[in-house]
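Computed over heavy atoms, backbone and side chain alike; hydrogens, waters and symmetry mates excluded. What you see is a predicted model, and the numbers here were worked out from it, not measured in a lab. The chains referred to below are lettered A, B, ... by the order of the sequence lines, with proteins before strands, and numbering in each begins at 1.
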Amino acid sequence: MPELPEVETTRRGIAPHIKHRTVTELVVRQSKLRWPVPSELHEVLPGQPVLSVERRAKYLLIEFASGTLLVHLGMSGSLRLVSVEQEANKHDHVDICFDNDMALRLHDPRRFGAVLWQPQGETHSLLASLGPEPLTDAFTAEHLAACAKGRRSAIKTFIMDNHVVVGVGNIYANEALYAAGIDPRRQAGRISAARLARLVDEIKTVLARAIAQGGTTLKDFVGGDGKPGYFAQQLNVYGRAGEPCPGCGRALSEVRLGQRATVFCSHCQR
DNA sequence: CTAAGGACCTGTCGGC
DNA sequence: TGCCGACAGGTCCTTA
């Protein structure tokens with residue numbers, strides 16, 4: 001569910017509560033997530049203090065001295081902190097229990113999420129070939145233009161490719177392309193450098209604004225503090241097919257690209 | 001190499 | 001009210 005802003009919001013929500021806390025126990029009620037939860041975690045985690053909580057793409061990285069716990073929320077995952085006494089609900093698959101009797105609880109109905117282990121000094125294969133973080137200086141107009149050269153796939157599909165740039169999910173791909181005035185169906189390699197530069201700016205702006213607002217309000221998310229709900233954010237096109245374009249008033253169109261809902265204004269986006 | 005499609009899984013919603 | 005298909009914020013893996 002979460003797009004990058006929701007993952008970042010989750011990171012910020014949980015980090016202060018688990019940093020420097022020591023793991024006492026790992027409870028796995030359902031080990032069949034996207035990949036099996038490694039059984040070695042039961043031996044590896046207890047007794048270790050959390051050094052920090054980072055993020056790479058949509059992976060949360062919980063750092064320990066002997067390695068890093070990777071947590072991905074998939075489509076429907078959420079994390080919240082609960083008392084270890086708190087009874088588990090349906091789809092509460094994993095608890096990481098801490099020495100203050102709180103547990104970081106992973107809830108994930110669709111089980112597209114993952115909990116994986118990366119030993120110290122190694123890079124997990126899932127993190128090995130990721131593109132730059134969109135909100136850092138590593139994501140530049142030059143980089144996007146170089147990647148786009150010769151590529152015939154639709155620009156929307158292209159910016160959702162993790163090798164090009166990470167963290168651009170379906171909602172924000174739609175929003176960034178609208179903001180940049182680019183037709184999502186246009187071939188990536190046939191867009192001018194200037195327009196790609198604009199797109200880089202809009203991706204950064206859209207994601208940064210969503211993070212500032214605490215993520216998009218969508219029903220599955222539960223805030224890191226346990227407060228239900230996302231945060232109100234106005235989306236210009238996503239989920240608004242048929243409604244008037246905020247710019248010109250014409251009805252927004254919807255097509256399917258790579259099996260994903262794609263909403264745009266055929267007048268404002270070229 | 002690129003591009004397209006299937007796969008994983010549950011819940012919800014609209015239509016008949 | 002009940003059943004069925006379509007769809008949902010992700011992304012890896014296989015196939016052409």
Side-chain angles (χ1 to χ4, degrees), chain A residues 1-10 29-37 55-60 70-79 89-94 106-116 124-131 134 146-177 184-190 203 206-207 210-211 213-223 228-233 235-242 254-263:
Chain A
M1 46 155 353
E3 291 228 17
L4 184 141
E6 286 74 44
V7 177
E8 178 60 20
T9 298
T10 298
R29 299 181 195 82
Q30 169 61 275
S31 62
K32 290 161 96 172
L33 304 184
R34 171 104 199 239
W35 292 280
V37 177
R55 179 186 57 72
R56 175 74 173 106
K58 293 174 186 168
Y59 292 90
L60 285 164
L70 311 186
V71 179
H72 197 289
L73 300 176
M75 287 274 258
S76 59
S78 60
L79 284 171
N89 292 315
K90 195 176 184 184
H91 305 309
D92 285 344
H93 304 313
V94 177
L106 175 67
H107 177 88
D108 185 7
R110 291 178 74 181
R111 286 193 271 134
F112 287 174
V115 175
L116 298 165
H124 198 285
S125 57
L126 291 171
L127 302 184
S129 58
L130 294 175
C147 287
K149 196 170 182 187
R151 295 288 294 270
R152 309 179 73 173
S153 54
I155 185 65
K156 175 167 175 260
T157 312
F158 177 73
I159 60 173
M160 292 176 70
D161 178 347
N162 273 338
H163 302 291
V164 174
V165 57
V166 301
V168 181
N170 196 38
I171 292 179
Y172 297 113
N174 279 298
E175 295 299 319
L177 286 163
R185 302 165 296 183
R186 182 170 288 276
Q187 286 183 17
R190 293 194 176 179
I203 288 171
V206 159
L207 292 176
I211 290 171
Q213 296 180 3
T216 303
T217 297
L218 291 161
K219 53 192 169 193
D220 281 342
F221 184 72
V222 176
Y230 279 57
F231 306 80
Q233 146 131 3
L235 297 174
N236 285 313
V237 290
Y238 182 81
R240 294 184 177 277
E254 176 162 357
V255 296
R256 214 141 256 284
L257 285 178
Q259 290 121 262
R260 314 291 248 111
T262 302
V263 187

Are A:Tyr172 and C:dG10 close enough that a side-chain N or O sits under 4.0 Å from OP1 or OP2?
no

Sort out the partner of C:dG9 for me: Watson-Crick or G-U wobble, both distances under 3.5 Å, none otherwise.
none

What is the distance, rounded to the nearest whole Å, between atom CG of A:Asp92 and atom C1' of B:dT10?
14 Å

Provide the Watson-Crick or G-U wobble partner of B:dC9, both distances under 3.5 Å; none if there is no partner.
none

Using a cut-off of 4.0 Å on non-hydrogen atoms, how would the nucleic acid contact of A:Lys58 be classed: base, sugar-phosphate, or nothing?
sugar-phosphate

Whole-Å gap separating P (B:dT2) and NZ (A:Lys149):
14 Å

Counting only side-chain heavy atoms from C-beta out, which of C:dG10, B:dT2, C:dT11 sits nearest to A:Asn170?
C:dG10

Side-chain N,O (A:Lys90) to OP1/OP2 (B:dG11) below 4.0 Å
yes

Select from A:Gly150 and A:Gln259 the residue whose nearest nucleotide in DNA chain B is closer to the 5' end of that strand.
A:Gly150

Is the distance from OP1 or OP2 of C:dG10 to the nearest side-chain N or O of A:Arg110 less than 4.0 Å?
no

What's the CG-P distance between A:Asn162 and C:dC13, to the nearest Å?
12 Å

d(NZ, A:Lys156; C1', B:dA3) in whole Å
16 Å

Quick check against the 3.5 Å criterion: does A:Asp108 have a side-chain atom that pairs as donor or acceptor with the backbone of A:His93?
no

Using a 4.0 Å heavy-atom cut-off, does A:Arg111 contact any base of the nucleic acid, only the sugar-phosphate backbone, or nothing at all?
sugar-phosphate

Determine if A:Phe112 stacks with B:dC8; use a centre-to-centre distance below 5.5 Å and an interplanar angle below 30° as the criteria.
yes

Keeping the roles fixed (side chain from A:Asp161, backbone from A:Thr157), state whether a donor-acceptor pair exists under 3.5 Å.
no

Starting at atom CZ of A:Arg260, determine the distance to atom P of C:dG10, rounded to an integer number of angstrom.
5 Å

What is the distance, rounded to the nearest whole Å, between atom CD1 of A:Ile155 and atom C1' of B:dA3?
15 Å

What's the CG-P distance between A:Leu33 and C:dC12, to the nearest Å?
16 Å

Where the side chain of A:Glu175 meets the backbone of A:Tyr238, is there a donor-acceptor pair that is under 3.5 Å apart?
yes

Can you tell me how far P in B:dC9 sits from the matching atom in C:dC3, rounded to whole Å?
24 Å

Output yes when at least one side-chain N/O atom of A:His91 is less than 4.0 Å from OP1 or OP2 of B:dC9, else no.
no

Among the nucleotides B:dA3, C:dG9, C:dC12, which one has an atom lying closest to any side-chain atom of A:Tyr238?
C:dG9

B:dA3 to C:dG9 separation - P atoms, rounded to the nearest Å
22 Å

Please check the phosphate of C:dC12 (OP1 and OP2 only) for any side-chain N or O of A:Arg34 closer than 4.0 Å.
no

Nearest to side-chain heavy atoms of A:Pro109, which nucleotide of B:dG11, B:dA3, B:dG6:
B:dG11

Looking only at atom types and distance, does a side-chain atom of A:Ser76 sit under 3.5 Å from a main-chain N or O of A:Gly74, one as donor and one as acceptor?
no

What's A:Arg256 touching, base or sugar-phosphate or nothing? Going by heavy atoms closer than 4.0 Å.
sugar-phosphate

Rounded to whole Å, please give me the gap between NE2 in A:His72 and C1' in C:dG10.
6 Å

B:dA3 OP1/OP2 closer than 4.0 Å to side-chain N/O of A:Ser153:
yes

Sidechain-backbone polar pair: A:Glu3 side chain, A:Pro5 backbone, donor-acceptor under 3.5 Å:
no

When we call it a touch if two heavy atoms are under 4.0 Å apart, what does A:Phe158 touch: a base, just sugar-phosphate, or nothing?
nothing

